[in-house]
Amino acid sequence: QVQLVESGGGLVQPGGSLRLSCAVTGFSFDYYAIGWFRQAPGKEREGVSCISSISNGDGSTYYSDSVKGRFTISRDSAKNTVYLQMNSLKPEDTAVYYCAAGPIIGSRWPTGLNEYDTWGQGTQVTVSS
C-alpha cells in the first residue's frame with residue numbers, strides 16, 4: 001500500500017526548532033521527488049521545499065524564499081524517510097504541513113501540487129509564545 005506518514009509537528013515558541021519526518025512505504029522511494037507543502041487557515045496550499053529523485057534527478061534540494069536559510073530538507077534512503085528540519089521558526093510558519101511524492105523527472109523548482117500523486121495526512125505546526 002502506497003503511503004506517506006508525517007510526524008514531528010507540535011507547538012513551539014518563536015525562534016525554536018522542529019523536525020518533521022515523512023515515512024514512505026509501498027513504493028520505490030528513490031524514483032520519486034518528495035515535496036513539503038503547508039497550508040495555513042484561509043490560505044492556499046503552498047510549496048515549502050522539495051528534494052528531487054535520486055534515480056530520475058540528481059537529488060537536488062529546493063526551498064521557497066520564505067524558508068530559505070531556515071529550513072533544511074534531507075532524505076535517508078535506508079529508512080525511506082524524508083526530513084524537514086525547521087529552525088528559527090516564526091509565527092507565520094504556523095500551518096498544517098504535508099509531504100507528497102511525485103514521479104517528477106529531472107530536478108527543478110518550483111513544482112506544482114498536481115505533479116504529486118501521493119499525499120500524507122498532514123501534521124500541525126504552531127509557532128506561538
Trace of the side chain to side chain donor-acceptor pair (under 3.5 Å) decision for S107 with D58: CA-CA 6 Å; S107 299; D58 60 7; 2.6 Å; yes
Can you tell me if [X] uses its side chain to pair, donor with acceptor, with the backbone of [Y] under 3.5 Å?
| X | Y | answer |
| --- | --- | --- |
| Q121 | E6 | yes |
| D93 | K90 | yes |
| T94 | T126 | no |
| S52 | S60 | yes |
| S66 | S64 | no |
| S53 | A33 | no |

Validation row: [X], [Y] side chains within 4.5 angstrom (heavy atoms):
| X | Y | value |
| --- | --- | --- |
| T72 | Y63 | yes |
| V5 | C22 | no |
| V48 | F71 | yes |
| R38 | V125 | no |

CE-CG distance between M86 and L20, expressed to the nearest 0.5 angstrom: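 Interatomic distance, M86 CE to L20 CG, rounded to 0.5 Å: 4.0 Å.
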Side chain to side chain contact (heavy atoms under 4.5 Å, CB included) assessment of Q39 paired with E44: CA-CA 6 Å; Q39 188 165 19; E44 294 185 351; 5.5 Å; no
Nearest heavy-atom neighbours spanning Y116 and G102: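 Between these two residues, the closest heavy atoms are CD2-N, 3.6 Å.
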Salt-bridge criterion met for R108 and E115 (N-O under 4.0 Å):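 Looking at E115 together with R108, the answer is yes, because their closest N to O distance falls below 4.0 Å.
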Salt bridge present between D65 and K68 (N-O < 4.0 angstrom):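 A salt bridge links D65 with K68.
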Cation-pi, F37 ring and R45 (6.0 angstrom, 45 degrees):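 No, R45 does not lie over the aromatic ring of F37.
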For Y32, side chain to side chain donor-acceptor pair (under 3.5 Å) partners two or more places apart: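 Side chain to side chain donor-acceptor pair (under 3.5 Å) check on Y32 returns nothing, list empty.
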S17/N87 under side chain to side chain donor-acceptor pair (under 3.5 Å): CA gap, chis, key distance, verdict: CA-CA 4 Å; S17 298; N87 298 329; 2.9 Å; yes
